[in-house]
> 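Take this structure, written in structure tokens, and hold onto it; I'll ask about it next.
Lettering of chains follows the sequences in order, A, B, ..., and the numbering in each one begins at 1.
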Amino acid sequence: MLGRVNVVTWNVNSIRQRLPRLIAMLERHDPDVVCLQETKLTDDAFPFDELRDAGYHSTSYGQRAYNGVAVASKQPIETIARGFPGDPVPDEARLLAVRTGDLMVASVYAVNGKSVGDAAYEVKLAWFDALRSWVSTLDRSIQVLLAGDFNVAPDDRDVHDPERWRGKNLASEPERDRIRALEALGLIDLGREAAGDTTGPFTFWDYRAGAFHRGWGLRIDLVLGSAPLASRLGSVEVDREERKPTAGEGKPSDHAPVILRLR
DNA sequence: ATGTCACTTTACAAGTGA
């Protein structure tokens, strides 16, 4: 008998800076599983003790200063993968896959790509191709979840101003093709599934230009589930309050937590 | 696009990445 399970994914943009807000988020949403991105610290500096005190096992795949992904869970965690074969930037900590409870969960932080035409953009596309190859090796007849910051707005409903973003990094067609390639393997965009044919909900607002205040958001934090997992879909919500400077101690991340509820 | 933030360093300002 499977119980209700809540999963949160959140790009915290430095777990050191965000720790008080992270602990408050855990108390607010009481998630069973949490996927974190941009922890920006090495494993030896990860706040395992603070998370344990909050009731969570946790596992980190980190690095100094940049990137870094982690998973926390109320259930014990078995690490499945740190990174994946063929990653064009293997020194960058961008994927941590685990087994916890009855789920296989990967915390994902995709290459940003900087801008279309930049060398980093080509790396981004190659990174997604390698990710696709790895996903193709997974048993997708079990409950698999890829959760994290994919740095791609899958279609025009996922950007505040489609014309302004047309062809730009985070919204370009080659990037969107990479998301569709993951969907072609049977993964389902649960955020879109839950939202239906509407705009948003957005998960990221640039720190600059007062983007949050002006509503200049993007939906780039995704929860992609295998069919057996999607069959348990309850809801997907964005905690946009958390993006506000006033929402907690210290400053907000530029990403809001995404809460996936499974039946 | 860019009114910011977080990181680093032959560091105490400036470059990088987002």
> Look at S253(A) and dC5(B) and indicate whether a side-chain polar atom (N or O) is within less than 4.0 Å of OP1 or OP2.
no
> When you measure from the centre of the six-membered ring of W10(A), is the NZ or CZ of R21(A) closer than 6.0 Å and no more than 45° off the axis?
no
> Hey, which sits more toward the 5' end of DNA chain B by its nearest nucleotide, I15(A) or N67(A)?
I15(A)
> Find which nucleotide of DNA chain B each of Y109(A) and A65(A) is nearest to by heavy atoms, and output the residue with the more 5' nucleotide.
A65(A)
> Using side-chain hydrogen bond (donor to acceptor under 3.5 Å, both in side chains) as the criterion, list what pairs up with R28(A), not counting sequence neighbours.
D239(A), E242(A)
> Could you check which of dA6(B), dA18(B), dA1(B) has an atom nearest any side-chain atom of Q17(A)?
dA6(B)
> Of the nucleotides dT2(B), dA6(B), dA1(B), which has the atom closest to the D206(A) side chain?
dT2(B)
> When you get a sec, tell me which of dA1(B), dA6(B), dT16(B) is the closest nucleotide to the side chain of Y66(A)?
dT16(B)
> Does dA1(B) have its OP1 or OP2 closer than 4.0 Å to a side-chain nitrogen or oxygen of K168(A)?
yes
> Side-chain N or O of R18(A) less than 4.0 angstrom from OP1 or OP2 on dA6(B)?
yes
> Below the 4.0 Å mark, does dG17(B) have OP1 or OP2 next to a side-chain nitrogen or oxygen of K114(A)?
yes
> Could you check V236(A) against R261(A) for side-chain contact (heavy atoms from CB on, under 4.5 Å), going step by step and ending with a plain yes or no?
CA-CA 6 Å; V236(A) 178; R261(A) 296 188 180 85; over 6 Å; no
> Reckon W205(A) touches a base, only the sugar-phosphate, or nothing at all at heavy-atom distances under 4.0 Å?
nothing
> Taking atom P of dG17(B) as reference, at what distance in whole Å does atom CZ of F204(A) sit?
16 Å
> Taking only N and O in the side chain of R243(A), is any of them less than 4.0 Å away from OP1 or OP2 of dT4(B)?
no
> Between H160(A) and W205(A), does any side-chain donor sit less than 3.5 Å from a side-chain acceptor?
no
> Counting only side-chain heavy atoms from C-beta out, which of dA18(B), dT8(B), dA6(B) sits nearest to R64(A)?
dT8(B)
